[in-house]
Amino acid sequence: HHRWHTPDNAVFDPGLLTYTDDKLRFMAELRQGIEQQQLALYVQPQMDLKQGTLEAAEVLVRWQHPRLGQLAPDDFLETAEQLGVIYSLTQWVLQQSIQSLAELQAEFPAMKLAVNLSSKDLLQDELVDFIQALLLQHQVRPASLVLELTERALTHEPVQAITMLLRLQQLGVELALDDFGTGFSSLFHLRQLPISHVKIDCSFINDLHKSDTHIAITGAIIDIARNLGLGVVAEGIEEKQVEQKLLTMGCTRGQGFYYSRPFELKGLAPWLKQWQKS
Ligand code: C2E
Ligand code: CA
Ligand code: CA
Ligand code: CA
C-alpha cells in the first residue's frame with residue numbers, strides 16, 4: 001500500500017480506495033463546502049440552574065449542504081477526519097469563536113464560549129500557540145475560553161494528549177471532560193486530568209426523573225466530581241422535572257432544549273439581551 005500525508009499530517013487511510021461512489025462524492029462535497037463557507041456556527045446556552053442566568057454557551061458546528069439541507073456534526077465530522085481536514089475545521093471554529101468572544105464581551109464582560117475539540121486536535125503540537133495568538137490578537141482572557149474534549153479523545157495517544165492538556169491548562173484556558181459516564185476508566189481519569197469540570201452525558205439526563213439507574217449514576221458522578229473539586233454540567237435537560245431533580249442532587253449547571261435549542265451564533269447577543277429583560 002502507498003501511504004501519503006493529508007493536510008492534518010495524518011497518514012492517509014488506504015481504506016479510502018474501497019469507499020463507495022456515494023461516500024467519495026460526499027467527501028468531495030465536504031471539501032468544497034468548507035472552501036465555500038457552507039459551514040456555520042450555532043450556540044447553545046449553558047445555564048446556572050439556580051439563578052436562571054447564563055454561564056457560557058457551547059459552540060456547535062452545522063453544515064448547510066446544498067443537496068441534503070442542514071447536517072449535524074455527527075453526519076460529517078467523521079468524514080472530515082477521514083479527509084484530514086478536522087484540524088483546519090477546529091482552527092476555523094476557534095478563530096470565529098474567539099473573535100465573537102471579543103465582540104460579546106464588550107457588552108457582556110463575563111461571557112464564556114465552549115469549543116469542542118477532536119481527538120486529532122490534541123496531537124497538533126502548534127495548537128497551543130495557535131490559541132494563544134488568537135487570544136492575544138483579540139484581547140480575550142484565556143479563562144473565558146472553555147475547551148471540551150471527550151474521554152475517548154484521550155485514549156488513542158494518552159501521553160501526547162495529556163501533555164497537550166497540561167500545556168493548555170498552563171495557557172489558562174478551561175478544560176471540560178465531555179460525554180462523561182460513557183467511556184471507560186472514567187474515575188481513574190478524573191483524578192489525573194487537569195480539567196475544571198465534567199459534563200454528564202445526556203443519555204443519563206434526558207429521562208433522569210424516570211430512571212432510578214440514571215439517578216444513581218448521576219448522583220455518583222456529582223459526588224465524586226465534588227470531592228475532587230470539579231464542577232458538573234448536566235447536558236440534555238429537556239424538562240422542568242429534570243432540572244428540579246438535578247437541583248435536589250446538587251448539580252447547578254446545565255444545558256438542554258428546555259432552555260434553548262442551539263441557534264445561530266450571531267443570535268447570541270440578542271438572546272442575552274432578551275434573557276436579561278425577562
Ligand atoms: P456534544 O458536545 O455532546 O454536544 C451536545 C449535543 O447535544 C449537540 O448536538 C446538541 O444539539 C445536543 N443537545 C443539546 N441539548 C439537548 C437536549 O436537551 N436533548 C437532546 N436530545 N440533545 C441535546 P449536535 O450539535 O448535533 O452535536 C453533536 C456532537 O458533535 C457534539 O456533541 C460534539 O461532540 C460534536 N461537535 C459539535 N460541534 C463540533 C465542533 O465544532 N468541533 C468538533 N470537533 N466537534 C463538534
Ligand atoms: Ca460538547
Ligand atoms: Ca456532550
Ligand atoms: Ca455527544
Side-chain angles (χ1 to χ4, degrees), residues 8 30 33-34 38-47 49 55-65 69-98 100 112-124 127 131 145-154 156 161 174-183 186 195-209 214 218 221 232-243 245-246 253-265:
D8 271 3
L30 179 57
I34 292 172
Q38 291 166 7
L39 300 198
L41 294 182
Y42 275 52
V43 285
Q44 186 180 39
Q46 203 177 90
M47 310 300 293
L49 307 184
E55 287 274 309
E58 177 174 7
V59 179
L60 299 160
V61 69
R62 300 283 180 267
W63 178 14
Q64 199 57 46
H65 191 288
Q70 191 182 79
L71 299 184
D74 289 337
D75 298 329
F76 62 88
L77 285 181
E78 197 186 306
T79 304
E81 199 159 299
Q82 291 156 345
L83 273 175
V85 297
I86 194 86
Y87 180 58
S88 25
L89 195 136
T90 299
Q91 288 179 301
W92 176 73
V93 176
L94 283 166
Q95 195 275 325
Q96 298 287 310
S97 299
I98 292 171
S100 302
K112 287 185 172 193
L113 286 179
V115 169
N116 291 286
L117 294 186
S118 312
S119 55
K120 292 264 162 44
D121 298 329
L122 295 179
L123 308 179
Q124 299 288 334
L127 177 67
I131 293 174
L145 180 68
V146 184
L147 300 176
E148 299 191 359
L149 40 120
T150 62
E151 228 179 329
R152 249 171 285 266
L154 307 174
H156 301 302
E174 264 191 36
L175 300 171
L177 197 57
D178 209 349
D179 298 352
F180 191 71
T182 60
S186 309
I195 52 173
S196 64
H197 59 276
V198 297
K199 297 185 75 173
I200 306 178
D201 193 67
C202 52
S203 58
F204 302 112
I205 303 298
N206 287 158
D207 65 348
L208 186 72
H209 57 304
H214 291 169
T218 300
I221 295 174
V232 181
V233 179
E235 270 194 303
I237 303 174
E238 295 180 355
E239 295 173 69
K240 180 87 187 161
Q241 293 101 300
V242 172
E243 177 194 75
K245 187 75 203 167
L246 284 165
R253 270 173 87 175
Q255 63 188 87
F257 296 166
Y258 176 63
Y259 307 99
S260 173
R261 293 201 169 241
F263 54 83
E264 283 181 89
L265 175 57

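Order of appearance sets the numbers: ligands from 1, and atoms from 1 within every ligand. Values below: all heavy atoms of this structure, side chains included; hydrogens, waters and symmetry mates excluded.
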For this session: Heavy-atom distances under 4.0 Å are what count here, so tell me which part of R261 touches ligand 1: side chain, backbone, both or neither.
Result: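 Looking at R261 and ligand 1, no heavy atom falls under 4.0 Å.
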
For ligand 1, which atoms, with element, lie under 4.0 Å from some heavy atom of [X]?
X    : result
L77  : 35 (C), 36 (N), 43 (C), 45 (N), 46 (C)
Q44  : 14 (C), 15 (N)
I237 : 18 (O)
V93  : 41 (O)
P262 : 11 (O)
R62  : 11 (O), 24 (P), 25 (O)
D179 : 3 (O)

Roughly how far, to the nearest 0.5 Å, is [atom2] of [Y] from [atom1] of [X]?
X    : Y    : atom1 : atom2 : result
L113 : S97  : CG    : OG    : 5.5 Å
Q82  : L77  : CD    : CG    : 11.0 Å
E151 : F180 : CD    : CZ    : 6.0 Å
Q46  : E58  : CD    : CD    : 7.0 Å

Shortest reach to [atom] by a heavy atom, considering only [options]:
atom                    : options               : value
atom 10 (C) of ligand 1 : L71, D178, L60, L41   : L60
atom 23 (C) of ligand 1 : F257, Y42, Y87, W92   : F257
atom 44 (N) of ligand 1 : G236, S118, A80, S119 : S118

Exercise. Okay, side chain of E235, backbone of Q255: is any donor-acceptor separation there less than 3.5 Å?
Worked result: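 No: the side chain of E235 does not pair with the backbone of Q255.
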
Exercise. Short question: side chain of T79, backbone of D75 - any donor-acceptor pair under 3.5 Å?
Worked result: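 No, because the side chain of T79 does not come within donor-acceptor range (under 3.5 Å) of the backbone of D75.
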
For this session: Report the C-alpha distance between N116 and V93 in whole Å, list the side-chain angles of each, state the deciding distance to 0.1 Å, and finish with yes or no for side chain to side chain contact (heavy atoms under 4.5 Å, CB included).
Result: CA-CA 9 Å; N116 291 286; V93 176; over 6 Å; no

For this session: Assess whether side chain to side chain contact (heavy atoms under 4.5 Å, CB included) is satisfied between H156 and L123, documenting all intermediate values.
Result: CA-CA 10 Å; H156 301 302; L123 308 179; 5.9 Å; no

Problem set entry | side chain to side chain contact (heavy atoms under 4.5 Å, CB included) between L41 and V61, worked out | CA-CA 5 Å; L41 294 182; V61 69; 4.0 Å; yes

With sequence neighbours excluded, tell me which residues meet side chain to side chain donor-acceptor pair (under 3.5 Å) with [X].
X    : answer
Q70  : Y42
H65  : E29
E239 : none

Exercise. Are Q255 and ligand 1 in contact, using a heavy-atom cut-off of under 4.0 Å?
Worked result: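 No heavy atom of Q255 comes that close to ligand 1.
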
Exercise. Does ligand 1 have any atom sitting under 4.0 Å from a heavy atom of T90?
Worked result: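 Per 4.0 Å heavy-atom rule, T90 does not contact ligand 1.
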
Exercise. Hey, does D121 come in under 3.5 Å of ligand 1, counting only N/O atoms on both sides?
Worked result: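 Not met; the criterion fails.
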
Problem set entry | Every N, O or S from the protein that is nearer than 3.0 Å to the Ca ion (ligand 2) |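 You should have found E58 OE2, N116 OD1, E148 OE1, D178 OD2.
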
For this session: Apply side chain to side chain contact (heavy atoms under 4.5 Å, CB included) to L147 and D121, showing your working.
Result: CA-CA 11 Å; L147 300 176; D121 298 329; over 6 Å; no

